[in-house]
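Right, one structure below, let's go through it.
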Amino acid sequence: MQGSNSSVFDSELYSSLFTQPEMKQIWSDENLIHCWLLFESTIATVQAELNIIPTQAANEIVEICSSIEIDWVRLASETQVVGMAIKPLVDQITDSGTPGVKKYLHWGCTTQDLLDSALAMRMKQTLILVRRQLMELGEYLKTMTLRHKSTVMVARTNSMDASATTWGLQVSSYLGEVTRHIQRLDNLYPNAITGLYGGAVGNLSSVGHAGMETRKKLMEALGLSTPIGMMNASQDNVVQAIQFFALVHGTLCRIANDVENMGRASIAEVREGEGGGGSSTMPHKTNPRASNMIQTFSRLGWMYASGSTNLLDQQDIRAASMRVLNWSILPESALVLSTSLERASRLIKHLVVNEQRMRENFSASKNFIMSESVSMRLAEKIGRDQGYSIMKNLMKDADGSQDLQQLALNCKQIREILEEDEIISACDPSSYLGANDKLIDETVAYFDDLATEINI
């Protein structure tokens, strides 16, 4: 019935806000069944190659797995009774299959082999997509970094005006984080895509002496990493991936926070340029909806990361109750990350930067934020402590009628130490950018070096 969905991920109203199409397809029931069928046909093929089951039976299994029309109503009904969908799926296949299928399908397998291997297949698809999205966001950040390499702005620390910087340097710090996330992804990728094949209790007893070779060939054929030892009770690889997603959310939330704060009317240095975000009652108001949604996704991602360690609460060979949590935590965490990355790329791509306002905002503090620059010029001649004290006293007694440059030029004590052109230069934000260009260049090179590598 229209309007009956209750989850934001499937809601007719909200799903487009909370899902990215490719990631939604990866974690769809359709792809899940596809992965299970692929596992069944692949294990049969491998077992035939190793003379564990007849080649004819393997061919028949491959054929039925590629052609079967799933009865979704029956599958759902039987899953409700069994609690897992693997046996109901196997029953449907055998009911439609030949005698060879009925005899050899699912040979030596257990439900967990399919569950964990299919999860690894979809994790592989997920990480490939996330890496591509991180690279896309990185390219947008790189373009903005270089475009605004010399765009001077007020640097803020602890939410207060601090000194001078450039918008390019600030954006480059986002780029640096994104680059490190790509490295993290590449490092965790081999473990995160580890499949499973071990039979009922993980010791491969059901396939005898050929168990280790069967497992190796199966994982190679599925494009997954081969497990080392028995991993039936282990979910650390899954948890690691979800925790990694949380780190990426940290960067995206930071970007969203900065855009939201810098977009306030009193600051007006940037604004979202995608359109939308209108108020239902105030005609003048345009809300930062991209930033708001990214902030929401971050909180969801951190919630999933916090809950993901429950997957590690296992005992004996395996326990189902905690493992079932990954049916919800992993797909949803992947969806919100991918959607947030897509939204962040659009945000940066369309971000409107007001360079003039960035420069004008130095006047909010009467250019007092250049005090360190002047005190360091004084320090070169009379020492840091004395230079700092002169500037501290100068501003303490200021009545707000003059900016820093005027105060310094009118200060007899300072004029005895610095020439007029030295004072003017020290009060110019563009003269106090330090290693701005080199810091930007090394960050961009760091990203470019990673972009040229083929890691996954």
Side-chain angles (χ1 to χ4, degrees), residues 7 9-10 15 18-43 65-66 70 72 75 79 84-86 89-90 109-134 184-186 188-198 215 218-227 231-232 234-246 248 300-301 304-305 307-308 311 318 320 322-342 455-456:
S7 166
F9 299 104
D10 293 313
S15 64
F18 283 82
T19 60
Q20 192 269 355
E22 290 174 86
M23 190 64 79
K24 191 171 185 179
Q25 174 58 32
I26 288 171
W27 293 100
S28 66
D29 286 347
E30 178 184 45
N31 192 43
L32 174 62
I33 297 298
H34 169 76
C35 290
W36 287 343
L37 292 171
L38 179 61
F39 181 97
E40 292 288 9
S41 60
T42 304
I43 186 61
C65 285
S66 64
I70 300 298
W72 287 93
L75 184 61
T79 298
M84 299 277 178
I86 301 302
L89 177 66
V90 170
C109 300
T110 192
T111 290
Q112 189 186 350
D113 293 332
L114 276 75
L115 291 177
D116 284 16
S117 292
L119 183 144
M121 291 182 223
R122 290 173 295 157
M123 180 74 84
K124 179 177 182 177
Q125 296 165 0
T126 291
L127 293 178
I128 290 172
L129 174 56
V130 167
R131 192 182 198 279
R132 193 179 80 220
Q133 290 185 289
L134 283 167
R184 292 184 183 102
L185 189 155
D186 291 348
L188 67 86
Y189 179 78
N191 286 331
I193 65 165
T194 301
L196 186 74
Y197 178 66
R215 184 180 71 171
L218 172 63
M219 296 306 151
E220 289 175 350
L222 292 174
L224 302 177
S225 298
T226 302
M231 294 183 60
N232 293 62
S234 302
Q235 288 280 284
D236 52 297
N237 293 338
V238 177
V239 174
Q240 182 185 21
I242 299 172
Q243 299 288 335
F244 161 69
F245 294 168
V248 179
L300 283 170
Y304 295 129
S308 66
L311 299 175
R318 64 168 173 264
M322 286 69 72
R323 186 176 299 274
V324 171
L325 290 175
N326 69 32
W327 298 357
S328 174
I329 290 178
L330 183 53
E332 291 179 21
S333 65
L335 280 168
V336 297
L337 176 63
S338 184
T339 309
S340 190
L341 281 167
E342 181 182 65
N455 296 289
I456 64 175

Would you give the length of the straight line joining atom [atom1] of [X] to atom [atom2] of [Y], rounded to the nearest 0.5 angstrom?
X: L134; Y: S338; atom1: CG; atom2: OG; value: 10.0 Å
X: L32; Y: W327; atom1: CG; atom2: CH2; value: 9.0 Å
X: T42; Y: Y197; atom1: OG1; atom2: OH; value: 12.5 Å
X: Q133; Y: L341; atom1: CD; atom2: CG; value: 5.0 Å
X: L119; Y: W27; atom1: CG; atom2: CH2; value: 4.5 Å
X: L89; Y: I70; atom1: CG; atom2: CD1; value: 5.0 Å

Are any side-chain N or O atoms of [X] and backbone N or O atoms of [Y], one a donor and one an acceptor, separated by less than 3.5 Å?
X: S41; Y: L38; result: yes
X: R184; Y: V248; result: no
X: S28; Y: Q25; result: yes
X: S328; Y: L325; result: no

Determine, stepwise, if the pair Q240 / N191 fulfils side-chain hydrogen bond (donor to acceptor under 3.5 Å, both in side chains). CA-CA 9 Å; Q240 182 185 21; N191 286 331; 4.8 Å; no
Among L218, I43, L196, whose side-chain contact (heavy atoms from CB on, under 4.5 Å) with D113 holds? L196
Grab the two heavy atoms, one from [X] and one from [Y], that are nearest each other, plus how far apart they are.
X: C109; Y: L114; answer: CB-CD1, 4.4 Å
X: M123; Y: A241; answer: CE-CB, 3.6 Å
X: L224; Y: I193; answer: CB-O, 3.3 Å
X: I26; Y: R122; answer: O-CD, 3.4 Å
X: A85; Y: L75; answer: O-CD1, 3.9 Å
X: E40; Y: C65; answer: CB-SG, 4.0 Å

A side-chain contact here means heavy atoms from C-beta on lying under 4.5 Å apart; do [X] and [Y] qualify?
X: T126; Y: F245; result: yes
X: W36; Y: L115; result: yes
X: I86; Y: Q112; result: no
X: I33; Y: L37; result: yes
X: S117; Y: M219; result: yes
X: V324; Y: M84; result: yes
X: D186; Y: R131; result: yes
X: Y189; Y: I128; result: yes

Consider only side-chain N and O atoms of E22 and Q125, and report whether a donor and an acceptor are under 3.5 Å apart. no
Check step by step if side-chain contact (heavy atoms from CB on, under 4.5 Å) holds for K24 and D10. CA-CA 10 Å; K24 191 171 185 179; D10 293 313; 3.8 Å; yes
Can you check side-chain contact (heavy atoms from CB on, under 4.5 Å) on M23 and L129, steps first, answer last? CA-CA 8 Å; M23 190 64 79; L129 174 56; 3.7 Å; yes
What is the ring orientation for F9 with F18, classed by angle as parallel under 30°, tilted 30 to 60°, or perpendicular over 60°? perpendicular
